Amino acid sequence: MDFLDRLVDKVNEIDGLPIRCEPGYLGEAESFVVYPIPGSRVVNEYFSGVKDQQLNYEFAMKSKVPGNIHSTLWVVQNALEQIDNIESNDGSFEFDELIITNKPFINQADSQGWFVFLLDIQAKITTFKE
């Protein structure tokens, strides 16, 4: 299923982002990523193998400049609230909706001056048997 890749593509289409989003986890330098988090589930499963799913993801940004985080995560959050469609490239899913479950919030500030902020979402999609 290519949902995570298409979500990343959608985010990277946002004009003026100071940093590109990548699937994966935070690196040692400034980074902006998205990854799955616990709580995802199958809501309905049909005899055909089709499944309605709720998938939880977290966007994380690490920077020494809180303003960069603010100008990225809040812009992304506003854009995600406007998304009404995400297309699968391989026909593996059909998009239903995207819900912001937590607006951007600080998760960490360390002694080296790094800040980490998070933004949590839930995607509702239908997946098709391969």
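Predicted, not measured: the structure shown is a model, and the values here were computed from it. Scope of the values below: all heavy atoms of this structure, side chains included, with no hydrogens, waters or symmetry mates.
Checking side-chain atoms of Asn107 against main-chain N and O of Val116 turns up no donor-acceptor pair under 3.5 Å. Looking at Lys62, its side chain never comes within 3.5 Å of a backbone N or O of Ala29 through a donor-acceptor pair. Judged by distance alone, the side chain of Asp52 and the main-chain N or O of Thr126 form no donor-acceptor pair under 3.5 Å. A distance-only check finds a donor-acceptor pair linking the side chain of Asp2 to the backbone of Asn89 [under 3.5 Å].
Closest of all the heavy-atom pairs between Leu26 and Ala60 is CD2-O, 3.7 Å. Heavy atoms only, all atoms of each residue included: Lys10 and Ile83 are closest at CG-CD1, 3.5 Å. Between Lys103 and Ile100, the shortest heavy-atom distance links the atoms N-CG2, 4.1 Å. Closest non-hydrogen pair, Leu119 versus Leu73, comes out as CD2-O, 4.0 Å. Summarising the geometry of Phe93 relative to Ile86, their closest heavy-atom pair is CE1-O, 3.5 Å, with the distance given to 0.1 Å. Between Glu45 and Lys51, the shortest heavy-atom contact is OE2-CE, 3.4 Å.
Glu30 meets the side-chain hydrogen bond (donor to acceptor under 3.5 Å, both in side chains) test with Ser63, Asn68; sequence neighbours excluded. Evaluation of the ring-ring contact (aromatic ring centres under 6.0 Å, His included) rule for Phe95 yields no partner, not counting sequence neighbours.
The number of heavy-atom neighbours closer than 6.0 Å to CD of Glu28, taken from other residues, nucleotides and ligands shown, is 12 or below.
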